[in-house]
Structure formats: C-alpha cells, structure tokens
Amino acid sequence: MGATLKSVDKGHEITLDDFNLIGRSPDASIRLLDGGVSRQHATIRRDGSLFWVSDLGSANGSFVNDVAVTTARALRHGDRVQFGTSVFIFDSQEEERPPSESGNVSTQSLHTIALPMKTVKATLLVGDLRNFTTISAQLSAEEVAAMLREWYADCEKIIKTRDGIIDKFIGDGVFAYWPGDDISSRVKATEAAKLLSGPEAGNSPKRKWLRENMNLEVYCHVGLNVGDVALGAMGRGNNTAVGEAVNVTFRIESLTRKLQVPVLVGAPFLTGWPEGLQIYQNAGIHPVKGQPEPVEVYSLIEFPTVSIPSA
C-alpha cells in the first residue's frame with residue numbers, strides 16, 4: 001500500500017516514501033525547481049495508513065485545497081497540494097477489493113475509524129526543537145531530513161513507551177497527550193519531557209554529529225499542562241484533541257524561550273500533586289498571546305523520584 005503526488009501541470013507522478021523532505025535543495029527527497037519553493041519547504045510523513053504534511057516555515061507557505069498548512073494535516077485521496085507554484089493531487093492507494101455477492105469485484109476505501117467527539121481531562125505535552133529554522137539554513141536537505149527522522153523516532157520511543165498518544169508532528173514540533181489527569185499520567189509526561197529535553201537527547205547520533213562537527217546544538221523545549229479537551233474526529237479518519245487547554249500548552253512551551261528553561265508546566269499540572277513541588281519550582285506569572293489572563297508556570301528542576309501509583 002502507498003501513495004503518490006501527481007503533478008497537475010507536468011503530468012508526472014512521485015511515489016511517496018515513509019518520510020519525504022520537499023524543497024529546492026539538490027538533496028531534497030522531492031526536489032522542486034520552483035522559485036517559490038524554499039530549500040527545505042515541507043515534509044510529508046507516513047504514520048500508519050495516513051500521510052501528514054507539515055510546512056517547515058517556508059517563505060511562501062504550503063497549501064491543501066487552497067488552505068494554508070499551519071499545523072500538521074492528514075492528506076486525503078484527491079486533495080490538491082501546493083508548494084510554491086507546484087500543484088499536485090494526492091493519490092492514496094490504500095484500498096482493498098473484496099468480492100461482492102455476485103462474484104464481481106468492488107472497491108472499498110480503507111480509513112481510520114473516526115471517534116465521536118467527547119470532552120475528557122487530559123495531560124498535554126508540546127515539544128519543539130529550538131532554533132530549527134536557523135540551524136536548518138546551515139544544513140543540506142539530507143541533513144535536515146536525517147535530523148527530523150531522528151527527532152520523530154525519539155519522540156515515538158519516549159512518549160509511546162510511557163503510554164502517551166502522539167496527536168501530530170508539526171514540522172519540528174510534536175503534540176501528544178495522555179487521556180486523564182491522574183498523577184500517573186503527569187509523572188509519565190514529566191519523564192517524557194525530561195528525556196526529550198535532557199542531555200541524553202543531545203547524544204542521538206545526528207545531533208551528536210552536528211555538535212561535534214558543526215558546533216550546532218539542537219535542543220528540545222517542552223510545555224506541559226492538564227485540562228479539558230475535546231477528543232475525537234475533526235474530519236474523516238482524523239482523530240485529534242482540541243480545546244483551550246491545548247492552546248495554553250502551546251503558549252506555555254513558547255514561554256520556555258523567554259525564560260530560557262527547557263521544561264515549563266502550567267499551575268494546573270501541579271494541582272493535587274504535592275510531590276510535584278519537589279521537582280518543579282515557581283517561574284512566575286506571565287502574559288501569553290491569545291489569553292486574557294496571565295499564566296502561572298513552573299520549571300522542572302530535577303528528575304522525578306516519586307513512584308507512579310497503581311492503576
């Protein structure tokens with residue numbers, strides 16, 4: 001099973017791999033000789049049966065059905081995808097052909113089951129590679145792709161082995177959640193944040209090579225929060241978590257730049273968890289974009305030693 005991009009103007013077809021870096025650079029996996037395309041313009045990444053497109057902060061943006069790609073977006077069969085002036089049709093081959101009762105063959109599209117929307121408590125994590133745009137400008141497309149592949153693999157290993165659910169990758173960022181706001185989920189989220197942002201992450205092969213050969217440090221900063229989210233289908237086969245708590249978590253992560261700390265959590269993350277105050281310290285109350293009230297945040301000071309309660 002696979003998928004392709006079919007050029008609208010030139011008629012050629014591009015077979016998509018599990019990870020595709022799109023850009024004008026000679027070593028991009030999908031090279032587009034288009035003046036409106038950046039050197040490292042966007043990525044298309046396979047996750048299960050879905051292909052997700054993310055813009056990498058390109059100068060002219062990426063579009064699906066004439067809508068700008070601002071977060072990772074799952075592509076659907078027949079979607080019109082545009083990078084610069086290059087336009088493609090996404091063709092998904094995820095189909096099966098079961099025999100009908102009459103013995104003829106019919107086509108049935110496979111898709112992820114869409115969950116009904118429901119409001120639940122959740123523990124939220126947003127991670128982001130710091131200075132990605134500046135660093136990627138100094139790298140070849142092949143090196144950028146290698147760094148992102150490694151980053152995605154690190155996120156999946158660290159988050160999924162701690163029972164977290166990766167909602168989406170957003171270029172150089174990740175959004176994940178744990179259903180529920182119990183102490184166990186908050187401890188696991190803290191462990192994940194520590195591993196993603198700590199010195200161990202810098203020893204991943206590609207990042208170690210960048211540090212030793214190009215004097216480039218690639219760090220991850222993380223924002224954590226808990227709150228109510230609407231969890232379910234935002235489109236056919238596209239299950240996700242949305243809500244004001246998600247927006248606040250993204251804003252908390254952005255505060256790590258201002259405060260120059262790797263991990264920040266919102267005050268609700270520590271509510272009802274007194275042991276958490278042994279590993280987080282108050283970092284003040286700060287205004288954040290899009291919120292009428294300032295947000296109180298705490299920074300991680302040491303690895304959690306509290307035990308995870310039994311389920």
Check: Can you tell if the side chain of Arg130 reaches within under 4.5 Å of the side chain of Ile135, non-hydrogen atoms only?
Finding: no

Check: Is the backbone of Leu21 close enough, under 3.5 Å, to the side chain of Ser29 for a donor and an acceptor to pair up by distance?
Finding: yes

Item checked: Verdict with reasoning, Tyr280 to Thr190, per side-chain hydrogen bond (donor to acceptor under 3.5 Å, both in side chains) -> CA-CA 10 Å; Tyr280 288 98; Thr190 298; 2.8 Å; yes

Check: Looking only at heavy atoms, which two atoms of Lys258 and His286 are closest? And how far apart?
Finding: NZ-ND1, 3.8 Å

Next item on the list: Please say which of Ile165, Val246, Thr249 ends up in a side-chain contact (heavy atoms from CB on, under 4.5 Å) with Phe175.
Entry: Val246

Notebook entry, point to check: Just by modelled atom types, is the Ser185 backbone N or O under 3.5 Å from a matching donor or acceptor in the Asp182 side chain?
Noted result: yes

Next item on the list: Please report the shortest heavy-atom distance between Val218 and Leu129, naming the atom on each side.
Entry: CG1-CD2, 3.9 Å

Note to self: With clusters defined by side-chain heavy atoms of hydrophobic residues (ILVMFWY) lying less than 4.5 Å apart, directly or transitively, does Leu224 cluster with Ile285?
What the structure shows: no

Margin query: Using modelled atom types and a 3.5 Å cut-off, is there a donor and acceptor pairing between side-chain atoms of Arg45 and backbone atoms of Trp52?
Written below: no

Checklist line | Residues Asp34 and Thr85: side-chain donor-acceptor under 3.5 angstrom | finding: yes

Item checked: Steps toward side-chain hydrogen bond (donor to acceptor under 3.5 Å, both in side chains) verdict (Gln291, Glu244) -> CA-CA 9 Å; Gln291 295 298 313; Glu244 193 58 25; 2.3 Å; yes

Next item on the list: Check ring pair (Phe, Tyr, Trp, His ring centres under 6.0 Å) between His41 and all other residues, then give those that pass, not counting sequence neighbours.
Entry: Phe83

Next item on the list: Start with the C-alpha gap between Gln40 and Leu139, add the side-chain angles, then the distance that decides, and say whether side chain to side chain contact (heavy atoms under 4.5 Å, CB included) holds.
Entry: CA-CA 10 Å; Gln40 290 98 33; Leu139 304 177; 5.8 Å; no

Note to self: Is it the case that the side chains of His77 and Ser92 hold a donor-acceptor pair, with the cut-off being a distance below 3.5 Å and no angle test?
What the structure shows: no

Check: With distance as the sole test, does Thr4 use its side chain to make a donor-acceptor pair with the main-chain N or O of Leu16 at under 3.5 Å?
Finding: no

Check: Under the side chain to side chain contact (heavy atoms under 4.5 Å, CB included) criterion, do Leu148 and Leu56 qualify, and how do the steps go?
Finding: CA-CA 11 Å; Leu148 287 175; Leu56 295 178; 4.2 Å; yes

Notebook entry, point to check: Should Gln281 and Tyr298 count as side-chain neighbours, where that means a heavy-atom distance under 4.5 Å?
Noted result: no

Note to self: Taking Val8 as the starting point, is it possible to reach Leu5 by hopping between hydrophobic residues whose side chains are less than 4.5 Å apart?
What the structure shows: no

Notebook entry, point to check: Looking at CG of Leu125 and CZ of Phe269, how far apart are the two atoms once the value is rounded to the nearest 0.5 Å?
Noted result: 8.5 Å

Note to self: Can you tell me how far apart CG (Asp9) and CZ (Phe88) are? Round to the nearest 0.5 Å.
What the structure shows: 9.0 Å

Check: So, do Arg211 and Lys208 sit near enough that their side-chain heavy atoms are less than 4.5 Å apart?
Finding: yes

Checklist line | Least distance between heavy atoms, Pro294 atom then Pro287 atom | finding: CB-N, 3.9 Å

Margin query: Quick one: does any side-chain atom of Asp172 pair with a main-chain N or O of Phe132 as donor and acceptor, under 3.5 Å?
Written below: no

Check: For His221 and Val263, what are the C-alpha separation, side-chain angles and deciding distance, and is it a side chain to side chain contact (heavy atoms under 4.5 Å, CB included)?
Finding: CA-CA 6 Å; His221 284 204; Val263 180; over 6 Å; no

Notebook entry, point to check: Taking the side chain from Asp17 and the backbone from Phe19, do they hold a donor-acceptor pair closer than 3.5 Å?
Noted result: no

Notebook entry, point to check: Crowded around Tyr219 OH? As in, over 12 foreign heavy atoms under 6.0 Å?
Noted result: no

Check: Donor-acceptor pair, Asn225 side chain versus Leu124 backbone, under 3.5 Å?
Finding: no

Item checked: Point-to-point distance, once rounded to the nearest 0.5 Å, from OG of Ser38 to CD1 of Ile22 -> 12.0 Å

Margin query: So which atom in Val144 and which in Ser136 form the shortest heavy-atom distance, rounded to 0.1 Å?
Written below: CG2-CB, 3.7 Å

Item checked: Residues Val226, Lys121; criterion side chain to side chain contact (heavy atoms under 4.5 Å, CB included); working and verdict -> CA-CA 7 Å; Val226 298; Lys121 293 285 186 182; over 6 Å; no

Checklist line | Residues, nucleotides or ligands: over 12 heavy atoms within 6.0 Å of Glu212 CD | finding: yes

Notebook entry, point to check: Do Ile89 and Val37 share a hydrophobic cluster (ILVMFWY, side-chain heavy atoms under 4.5 Å, transitive)?
Noted result: no

Note to self: What's the separation between atom CZ in Arg31 and atom CZ in Arg39, rounded to the nearest 0.5 Å?
What the structure shows: 10.5 Å

Notebook entry, point to check: Nearest heavy-atom pair of Ser197 and Pro262: which atoms, and what distance?
Noted result: CB-CB, 3.9 Å

Check: Taking side chain as C-beta onward, heavy atoms only, is Leu196 less than 4.5 Å from Trp151?
Finding: yes

Check: Using a side-chain heavy atom cutoff under 4.5 Å and only I, L, V, M, F, W and Y, what cluster partners does Leu264 have?
Finding: Val248, Ile252, Leu255, Leu259, Val261, Val288, Val295, Val297

Check: So, Ser140 and Asp27: side-chain donor and acceptor under 3.5 Å apart, yes or no?
Finding: yes

Check: Is Arg251 reaching over with its side chain to a backbone N or O of Lys289, donor-acceptor style, under 3.5 angstrom?
Finding: yes

Item checked: Enclosure of Asn215 CG (heavy-atom neighbours >12, cutoff 6.0 Å) -> no

Notebook entry, point to check: Between Arg186 and Glu275, is the closest basic N to carboxylate O distance under 4.0 Å?
Noted result: no

Next item on the list: Examine Phe90 and Val64 and state if one hydrophobic cluster contains both, with Ile, Leu, Val, Met, Phe, Trp and Tyr joined whenever side-chain heavy atoms are less than 4.5 Å apart.
Entry: yes

Next item on the list: Report yes if the side chains of Tyr152 and Thr43 come closer than 4.5 Å at any heavy-atom pair, otherwise no.
Entry: yes

Notebook entry, point to check: Going by an N to O cut-off under 4.0 Å, is there a salt bridge joining Asp128 and Arg257?
Noted result: yes

Item checked: Side-chain donor/acceptor of Asp79 to backbone N/O of Arg76, under 3.5 Å -> yes

Margin query: Taking Gly84's backbone N and O only, do any of them form a donor-acceptor pair with Gln82's side chain (distance below 3.5 Å, no angle check)?
Written below: yes

Next item on the list: Please report the shortest heavy-atom distance between Leu50 and Ala74, naming the atom on each side.
Entry: CD1-CB, 4.3 Å

Next item on the list: Determine, using the 4.5 Å side-chain heavy-atom cutoff (strictly less than), whether Val222 and Ile166 are members of one ILVMFWY cluster.
Entry: yes

Margin query: To the closest 0.5 Å, what do you measure between CZ (Phe63) and CZ (Arg73)?
Written below: 12.0 Å

Item checked: Distance (rounded to the nearest 0.5 Å) between Glu143 CD and Leu216 CG -> 9.5 Å

